[in-house]
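A short worksheet on the structure shown next.
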Amino acid sequence: MNNFTSKLNHVLKKALISTTGILVVLILWNILAKKYHPLILPSPKETLGALKHLVESGQVWTNTIITFRRTAAGYAAALVFGLLTALLLKASHFLQSLIRPVITVVQIIPPVIWVVLAVLWFGIADDLTPVFLIFIVTFPIVFINIFTGLESIDVNLVEMAVVYRCSKTKIITNIYLPALVPHFVSALSLGLSFAWKSTIFAEFIGSSSGIGFALSMANANLETEKLFAWTIILVLVMLVFEYGLLYPLNKKVTRWKQHG
Amino acid sequence: MGKNAEILELRRVYKSFRSKNGGLKVLADISLSVYAGEVIALVGPSGCGKTTLLNIVAGLLDPDQGDVNQKQGLRTAYIFQEPRLLPWKTVEANLSFVQHNFLLPSEAAEVRDNLLQRTGLEPYRNVYPAQLSGGMKQRLEIVRALSIRPQLLLMDEPFKSLDLALKYQLQELIFERHAEEKFAILLITHDPEEAVMQADRIIVLTDKPTNIYREIIIDLPRRERSIKNPELYQKLEEILGFLLKKQQ
């Protein structure tokens, strides 16, 4: 019981500090907004009004669903290819020497260049441009995380299993896979954040729908309060994924790492 | 020893490793027989290839030349220098992971329960290794080796990093079990006293390329041994003398 109370106190304290941080930002925002024109810095109240309008008109849902669908497609492709490439390169030194430098080059090229190229190659293609960008940006991240995971598998554990006559299948399922899971989840988490940002970026420049497009319209029409409202929506969606899905998942798969 | 069956034989084993300046000859012409139930200590200058020899016996390395013959279906367990536990498996799952390759589930559970009880690990049955202290991890490493009811137990200085009290406690556990189950032990140690107090045979190895310098037989029952015994003391001095000469 005592333990529970102290844990609760700890959580409450942490929540209080985090909320204070956000409150300070809101207060500062409010003070600054009074000094500047709404075109430059809309107040929290104006932003909330714009947000309400976006929700009531249904724009939030339609655009979020479109953006989400694109993110999911590019992200899923990056996950599958990242995983397969990592496994393939780990299995063959030849392929590793051949492909590893290419992936490094792909990763070094800034996303803005990819988006410009995508628009040149695919035009203002509603789905293709964002999906391509997500894939090309997220793939190296997924690959590197999983490849690092494969490299870090403890040979000593495999040796132990060999001495105790474990079969190859048993070694793969009981040593390789569990060692890889945390790296895979970390790839999921990092990849999602990159994928989501890439979608918005690609939609902003090379699409005619989705949250990124809505942002670019708000920008073009000088509706700064809408720009702020969309930003809040973006942050909220990311938070839901990060803390509602990935954080608990990560905690679950690394349960064995927690010290007593 | 002759009356017991031979369970393992190394015949004229050679092993080299590739190194920057060509080949590094580690083992040169090692022949050794291990009989059921005996305790053999391998003693030698540090870096002389004792672990290489043990890894060849364990099947982790293949010799370049020579043969390793073992009794069909020989059940070998290995206690490594540092615990090699699966961090994502609980204490109990770490044991059953290896046990199920050798024992039926009912026998495995019985042996497991018994060992966990005897070693005080029972309350930690469902705990992950990260939550155990260093000494407890090494205890689990030893329990895992014993849990398959081995016929040959390989030990690579398993007490090296432990304090004295824990070392004696764990040694006692192994030799208690050894007295009951009569498995053979092949033990690497850097401590000649440990060798004299525990082994039936001590194999003294030379520096690289490693060969067998001497084989010392100790005929006294383990319980009656004391370092004050003149015969044992003389043997201890002989080994120490050889090792010290090597270090100079």
Side-chain angles (χ1 to χ4, degrees), chain A residues 3-4 6-7 10 83 86-87 90 93 145-189 246-260, chain B residues 51 54-62 70 73-91 93-103 108 123-124 126-134 136-137 140-141 144-150 152-156 186:
Chain A
N3 197 8
F4 177 74
S6 78
K7 237 182 195 162
H10 179 73
L83 178 67
L87 290 173
K90 176 72 189 159
H93 280 284
N145 261 281
I146 293 174
F147 193 78
T148 314
L150 285 169
E151 294 274 89
S152 69
I153 282 168
D154 190 349
V155 194
N156 285 340
L157 292 182
V158 179
E159 273 187 8
M160 178 277 292
V162 169
V163 171
Y164 287 104
R165 293 217 220 113
C166 294
S167 64
K168 272 213 169 95
T169 327
K170 198 169 175 181
I171 291 175
I172 289 173
T173 50
N174 287 276
I175 296 178
Y176 279 78
L177 283 183
L180 214 53
V181 165
H183 292 272
F184 190 72
V185 172
S186 142
L188 271 181
S189 175
L246 292 170
Y247 183 73
L249 185 66
N250 189 35
K251 208 156 176 192
K252 195 175 156 98
V253 299
T254 55
R255 204 170 29 147
W256 49 267
K257 280 188 185 170
Q258 286 150 28
H259 293 261
Chain B
T51 301
L54 216 59
N55 283 345
I56 286 177
V57 171
L60 290 174
L61 288 173
D62 287 324
Q70 46 175 257
L74 180 71
R75 226 182 264 169
T76 307
Y78 198 143
I79 302 174
F80 297 94
Q81 243 179 55
E82 308 298 334
R84 298 188 182 182
L85 304 166
L86 299 182
W88 41 81
K89 285 195 186 286
T90 60
V91 166
N94 261 288
L95 301 180
S96 54
F97 174 69
V98 297
Q99 281 189 303
H100 289 162
N101 300 337
F102 304 96
L103 308 178
Y124 304 95
N126 298 315
V127 150
Y128 291 99
Q131 289 162 291
L132 300 176
S133 69
M136 269 152 94
K137 280 183 200 155
L140 180 58
E141 169 85 17
R144 178 177 62 195
L146 299 174
S147 78
I148 65 162
R149 307 192 68 185
L152 174 62
L153 177 61
L154 309 175
M155 293 201 259
D156 187 0
L186 196 53

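Within every chain, numbering begins at 1; the chains are lettered A, B, ... in the order of the sequence lines, protein sequences first and strands thereafter.
- The cationic atom of Lys170(A) (NZ for Lys, CZ for Arg) lies less than 6.0 Å from the six-membered ring centre of Phe97(B) and within 45° of the ring axis.
- Other residues, nucleotides and ligands contribute only 12 or fewer heavy atoms inside 6.0 Å of the OH atom of Tyr124(B).
- Listed options Gln99(B), Lys89(B), Arg144(B) were ranked by heavy-atom pairs under 4.5 angstrom with chain A; first place goes to Arg144(B).
- A 6.0 Å sphere centred on CZ of Arg149(B) holds no more than 12 heavy atoms belonging to other residues, nucleotides or ligands.
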side-chain contact (heavy atoms from CB on, under 4.5 Å) assessment of Trp88(B) paired with Val181(A): CA-CA 11 Å; Trp88(B) 41 81; Val181(A) 165; over 6 Å; no
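- For the atom pair Glu159(A) CD and Leu60(B) CG, the distance stands at 5.0 Å (nearest 0.5 Å).
- Across all non-hydrogen atoms, the minimal contact from Tyr78(B) to Val163(A) is CB-CG1, 3.7 Å.
- Atom OG1 of Thr90(B) and atom CZ of Arg255(A) lie 9.5 Å apart (nearest 0.5 Å).
- Note that CG of Leu85(B) is 11.5 Å distant from CG of Asn156(A), once rounded to the nearest 0.5 Å.
- Atom CZ of Phe102(B) is surrounded by more than 12 heavy atoms from other residues, nucleotides or ligands within 6.0 Å.
- If you measure heavy-atom distances from Phe80(B) to chain A, the contacts under 4.5 Å come from the side chain alone.
- In terms of heavy-atom proximity, Ala130(B) sits nearest to Lys257(A) at CB-O, 4.1 Å.
- Side chains of Leu86(B) and Met160(A) form a contact here, defined as non-hydrogen atoms less than 4.5 Å apart.
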